[in-house]
Number of protein chains: 2
Amino acid sequence: MSRGRSPTIKDVAKVAGVSSATVSYVLNDLNKVTPEVDALVRRVAKELGYSRNNAARALKTGRNNIIGCILPTLTSPVFPEIAQAVQLRAEAHGYATLVIDSGNAPMREEKVVRTLAKHGVDGAVALLHPKFKPADPPLFPIVSLDAKFPGLDSVHADHYAGGRLMAEHAIALGHRRIGMLSGFQDLTSSFERRQGFVDAAAGRVELVWEVNVHLVPQLPPVAVEAIRRREVTMIACVNDLVAIAALSVLKDSGMSAPGDVSVFGFDDMQWASWPLIDLTTIRQPLAELGSRAADLLISRLDDRQRPVEDLVLPVTLVERGSTARVGLPLP
Amino acid sequence: MSRGRSPTIKDVAKVAGVSSATVSYVLNDLNKVTPEVDALVRRVAKELGYSRNNAARALKTGRNNIIGCILPTLTSPVFPEIAQAVQLRAEAHGYATLVIDSGNAPMREEKVVRTLAKHGVDGAVALLHPKFKPADPPLFPIVSLDAKFPGLDSVHADHYAGGRLMAEHAIALGHRRIGMLSGFQDLTSSFERRQGFVDAAAGRVELVWEVNVHLVPQLPPVAVEAIRRREVTMIACVNDLVAIAALSVLKDSGMSAPGDVSVFGFDDMQWASWPLIDLTTIRQPLAELGSRAADLLISRLDDRQRPVEDLVLPVTLVERGSTARVGLPLP
DNA sequence: CTTATCTATTTACACGATTAAACGACCTGA
DNA sequence: TCAGGTCGTTTAATCGTGTAAATAGATAAG
């Protein structure tokens, strides 16, 4: 105590006049002790400013009370919102969260998992590339974010329904000629979003052009050219970041949304609502995604036998100023 | 091994036919052993897939190889860039990083520090409110980000010079009547930015109005009104987020930058360069800020006696499309 | 050939907590 | 009264590493 060292369970035991086992029982809420002793121990512990040594506990129990959160990058508007929710929920359960970015490469994902294992995480929430190969046997339980993953628990938005929603809204606004900036189709969520759109649009909309793009706010030349051809009344984008890139191209080309062409995003990341951007989009509940994933992971940690669960969260349409009824002049 | 349990130092020792102490010496690179034994042990360890149990090591040595990174929030464009750099650098040194957001409140900062201590971090990089009171004695070393902090190592950009740079560029563009959206002055960086600006502007620029605002992309009504009065040719903002809020107000009011009024930001966060935003700003080297802070923290962990260090990084002017020479018509 | 000096390795304990098992005190029912 | 059960508490072993101290073996010095 006064000798700098922080007090251990034994110090508490000595002061309280009981054995260290008793202290441990009290502090772990196994109710094995009389109310008086319980109260006494708690009081003494608080007085001494006792706080459990996590390393010792981890060594003995094999549980570290740390979970990992693996995301493709932190420098994107979407993922930090998820990370924040995971962390908040984990903390409520007494877990700390190790947020790590995997740089979007499946190989690095596997390395990151090993790193996390080395640091003794009990499990992780992860947004994984479908090509990711889990170690066998797995180093720790993983909950897959954003997409179903064979053998893993998962939490994700209903991308397919979102795609349909986009198409139906576009049709309702009178759009018949649409260009599409879809994501590369190896990513499950990109695939499902497109699929939903295409299924709902079938026969009612002409998909004039389509370009696969990376999920970043820069477009490849072929996409820029497509936009400049002015052949469509709407550009449907795989996510908000890409939609912003499209808006940028429009601005650079002297066009604007929704006057010359409507632009439709997906995600409803925080900045989509800024007046400068003001993007019509499909909202996925990012925070809920994170907290549900944390919950799921922690239940899994408590019971490794429970059946694998796949949680699908609903999406909603958020109508803003980047889309308009076709043919309607600017207000 | 084959019994599920992962191999320990004793398993390695048994297979290699040496004692566990020898294995420990080898794996910790204390060169106390013959080259042959060294090689043998390493080979066996690799063969068994041995990996050190961090909890046991932490228990024995009191070092966890984890550092914390405390930031006001993750859902801001600026902080994740720093976090990413911290993490990358920490990983290179064999440390994992616990990123935590403190929600911008000094009281919560103190709580977060206790949480981190509970999870056994060896130290932390933190962006602290000046009112933050470190525990005494400190629970672990902290490197202060973004501002000097009494008694702590620190790494931050040269906010004062940045403020001057803003003023000088404004003057060079011919601006004489300027409105200012400054941050609340209890935050050191906001204070210094303003001070630099005011000092350099003295006598050459009229500060027509000034409003203290929170560092978020929404402005209070009084700021909105000030902007709408159209009394100035430039709005100087405490950071990019606030500058974006100003641009939003302009757009909502049927004005635009730089045609009606120039807008000047600070930070050069990632999105400032998007064509939709295209913000003239003062760049602070966010990634370098993070990695230098991590370096500094780790040196501190290795030597608690070294004198406190204050690292100031230079800022630069980034000229984009939100500012223009005064009186110049739109191109 | 003895004794001192190194050096490579091992022995043995500590770190702080958890927990099965042992223990003792008290109660209960025949 | 005594076997058996219950309850609250303690004893003691254990988790995997690190490391001071002991030990053995080789070398050098006298």
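For clarity, every value in this text was computed on a predicted model and none was experimentally measured. Keep in mind that the numbers below use all heavy atoms, side chains included, and drop hydrogens, waters and symmetry copies. In what follows, every chain begins at residue 1, and chains take the letters A, B, ... in the order their sequences are listed.
Between the CD1 atom of A:Ile9 and the C1' atom of C:dA17 there is a distance of 6 Å, given to the nearest Å. As a whole-Å value, the separation of A:Lys10 NZ from C:dG16 P is 8 Å. Residue B:Glu36 contributes atom CD, which lies 14 Å from atom C1' of C:dT9 at whole-angstrom precision. Note: CG (A:Leu27) to C1' (C:dT19) measures 15 Å, nearest angstrom. The CG-C1' distance, from B:Asn31 to C:dC6, rounds to 16 Å in whole Å. Residue B:Asn53 contributes atom CG, which lies 16 Å from atom P of C:dG16 at whole-angstrom precision. A:Leu59 has its CG atom 14 Å from the C1' atom of C:dT19, to the nearest Å. Look at CG on B:Asn54: it is 15 Å from C1' on C:dC15, rounded to the nearest Å.
Between atom CG of residue B:Asn54 and atom CD1 of residue B:Ile66 there is a gap of 7.0 Å, rounded to the nearest 0.5 Å. Separating the CD1 atom in A:Ile70 from the CG atom in A:Leu127 is a distance of 10.0 Å, to the nearest 0.5 Å. Here the straight-line distance linking atom CD1 of B:Ile100 with atom OG1 of B:Thr115 works out to 6.0 Å at 0.5 Å rounding.
In this view, B:Arg42 and B:Asp29, B:Asp38 satisfy the side chain to side chain donor-acceptor pair (under 3.5 Å) rule, not counting sequence neighbours.
Around the NE2 atom of B:His214, the shell of radius 6.0 Å holds no more than 12 heavy atoms that belong to other residues, nucleotides or ligands. Shown here is B:Asn31, whose CG atom has no more than 12 heavy atoms of other residues, nucleotides or ligands within 6.0 Å.
At the heavy-atom level, A:Thr22 lies under 4.0 Å from base atoms of the strands shown. Residue A:Ser24 is in base contact, counting any heavy-atom pair closer than 4.0 Å across all strands shown. A:Val23 comes within 4.0 angstrom of nothing in the nucleic acid, heavy atoms only.
In this model, the phosphate group of C:dT10 is approached by a side-chain N or O of B:Ser19 to a distance below 4.0 Å at OP1 or OP2. Dashed line: the shortest gap from a side-chain N or O of B:Ser20 to OP1 or OP2 of C:dT10 is not under 4.0 Å.
Here the range on DNA chain D touched by chain A, meaning any atom under 4.0 Å from one of its heavy atoms, is D:dG8 to D:dG16.
Taking the nucleotide of DNA chain D with the nearest heavy atom to each of B:Thr61 and A:Val33, the more 5' of the two is matched to A:Val33.
You'll find a donor-acceptor pair under 3.5 Å spanning the side chain of B:Lys60 and the base of C:dA14, going by distance alone. No N or O donor and acceptor, one from the side chain of A:Tyr25 and one from the base of C:dA17, sit under 3.5 Å apart.
Just one residue in the list B:Gln87, B:Arg63, B:Arg89 forms a side-chain hydrogen bond (donor to acceptor under 3.5 Å, both in side chains) with B:Tyr95, and that residue is B:Arg63.
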